[in-house]
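Below is one structure; the comments refer to it alone.
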Amino acid sequence: MDLGDELHRLTAAEALPADYPDMAMRWLLPLAEWLMARRAALGGGALLVGINGAQGTGKTTACRALELMIAHLGAHAVTLSIDDFYLDRSARRLLARVVHPLLETRGVPGTHEVELLEEVLDTLVVRAPARVPIFDKALDDRVPDSEWLQVAPGDIVMIEGWCVGARPEPEEALLTPVNALERSRDGEGEWRRYVNEQLAGPYRELYDKLHCLVMLKAPSFDCVLGWRQLQESKLAARRAGVGVMTAEQIEEFIAHYERVTRHCLAEMPSRADYILEIDSEHQFAAGGAR
């Protein structure tokens, strides 16, 4: 099938704007070609690519488009989401009891099973198949092991997520709450210090394995809330309302991500290998390798 036809099918399936195929060809095809060149220079094994972007930036759709483009360029790409490696509900409840109550909410560094993700990536990088967990957000829990995916190896392995590639903040930055959630429920800063320690430790070790980091850069954190609400409305249509958050719940949920997201927006552009800037209208506006 022609690449343009495949992009139009993706656009229809994801209920994207009609001009998405043209936008993808303009902005994502150069990225796909750049990844192919990086893969060729690697000399062996799979290219491991981190795809960072705040919630609602379109990471998942972009990765699907990149998979199609890379296939047309003669290689095979696979995508993993860091979201599928969330700790199950019982493990997060244990964290909430022994560390801090806010850790029961999935999302922040410290609520993923990093060791399992490392094992999967190490397996795929040597071009062997791997079993990958699935996290059901409607149930807020991981599905049983028997339902995990068997993922075939690829030439390019993309791991996408809102905190992929994130770095810890300086200690002094943790002293001041960034929102009402931190002021009211993390007054002593224990939660945010734990998250920061995770970024400095196991997450840094994981992200150091990336061969390159791509950033889908939102214009500001203020745009993220609106985009996340749009994302939830799409989920509501697919799930017939099951497990879907209200606007107030989304706002509180996003507050958990605010600190790390703002830090990524501030410091990651100076070190990401490839940046795609997204404007306030949710369109790609600029991009390229650094």
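Predicted, not measured: the structure shown is a model, and the values here were computed from it.
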Pairs involving residues 204-213, ordered by first then second residue, that meet side chain to side chain donor-acceptor pair (under 3.5 Å) (sequence neighbours left out): E118-K209, D122-K209, R204-D208

Chi angles and distances behind the side-chain contact (heavy atoms from CB on, under 4.5 Å) call for R142, I134: CA-CA 6 Å; R142 185 184 289 176; I134 300 172; over 6 Å; no

R131: salt bridge (Lys or Arg N to Asp or Glu O under 4.0 Å) partners, not counting sequence neighbours: none

Where A272 and M215 come nearest, the two heavy atoms and their spacing: CB-CB, 4.0 Å

Heavy atoms from other residues, nucleotides or ligands near CD of E33 exceed 12 (cutoff 6.0 Å): yes

Nearest-0.5 Å distance, CZ of residue R259 to OG1 of residue T176: 7.5 Å

Modelled atom types, side-chain donor and acceptor of S90 and D88, under 3.5 Å: yes

Spacing of CD1 belonging to I254 relative to OG1 belonging to T261, to within rounding of 0.5 Å: 7.5 Å

Aromatic ring pairing H256/W191, orientation class (parallel under 30°, perpendicular over 60°, tilted between): perpendicular

Where P109 and L199 come nearest, the two heavy atoms and their spacing: CG-CD2, 3.6 Å

Side-chain donor or acceptor of K59 paired with backbone N/O of G53 under 3.5 Å: yes

N/O donor-acceptor pair under 3.5 Å between Y20 side chain and L7 backbone: no

Least distance between heavy atoms, Y257 atom then G107 atom: OH-CA, 3.4 Å

Atom of P153, atom of A128 and distance for their closest heavy-atom approach: CB-N, 3.7 Å

Among L95, V195, D186, the one residue meeting side-chain contact (heavy atoms from CB on, under 4.5 Å) with L102: D186

R39: partners by side chain to side chain donor-acceptor pair (under 3.5 Å), with sequence neighbours left out: none

D155 vs R127 side-chain heavy atoms within contact, under 4.5 Å: yes

R89 side-chain N/O to E104 backbone N/O, donor-acceptor pair under 3.5 Å: no

For the student: nearest non-hydrogen atoms of A166 and V260, plus distance: CB-CG1, 4.0 Å

Greater than 12 external heavy atoms within 6.0 Å of E258's CD: yes

Y86 and F135 aromatic ring geometry - parallel, tilted or perpendicular at 30°/60° bounds: perpendicular

Where at least one partner belongs to residues 270-285, residue pairs that pass side chain to side chain donor-acceptor pair (under 3.5 Å), sequence neighbours excluded: E267-R271

Under the salt bridge (Lys or Arg N to Asp or Glu O under 4.0 Å) test, residues paired with D5 that sit two or more places apart: none

Atom pair CG (L117) and CG (D84), whose distance is rounded to the nearest 0.5 Å: 10.0 Å

Check: H112 ring centre within less than 6.0 Å of F85 ring centre: no

CA sep, side-chain torsions, deciding dist, call: T60, E160, side chain to side chain donor-acceptor pair (under 3.5 Å): CA-CA 7 Å; T60 302; E160 60 94 353; 3.0 Å; yes

Smallest separation among heavy atoms of I275 and R290, with atom names: CD1-CD, 4.1 Å

Ion pair check, R106 and D83, cut-off under 4.0 Å: no

Side chain to side chain donor-acceptor pair (under 3.5 Å) partners for E6, two or more places apart: H72

Gap between atom CD of E67 and atom OG1 of T79 - 0.5 Å precision: 3.5 Å

Ion pair E14/R9, N-O distance below 4.0 Å: no

Chi angles and distances behind the side-chain contact (heavy atoms from CB on, under 4.5 Å) call for V108, L103: CA-CA 8 Å; V108 299; L103 291 168; 4.1 Å; yes

Spacing of CG belonging to L48 relative to CG belonging to L213, to within rounding of 0.5 Å: 10.5 Å

Interatomic distance, E169 atom CD to R262 atom CZ [nearest 0.5 angstrom]: 11.0 Å

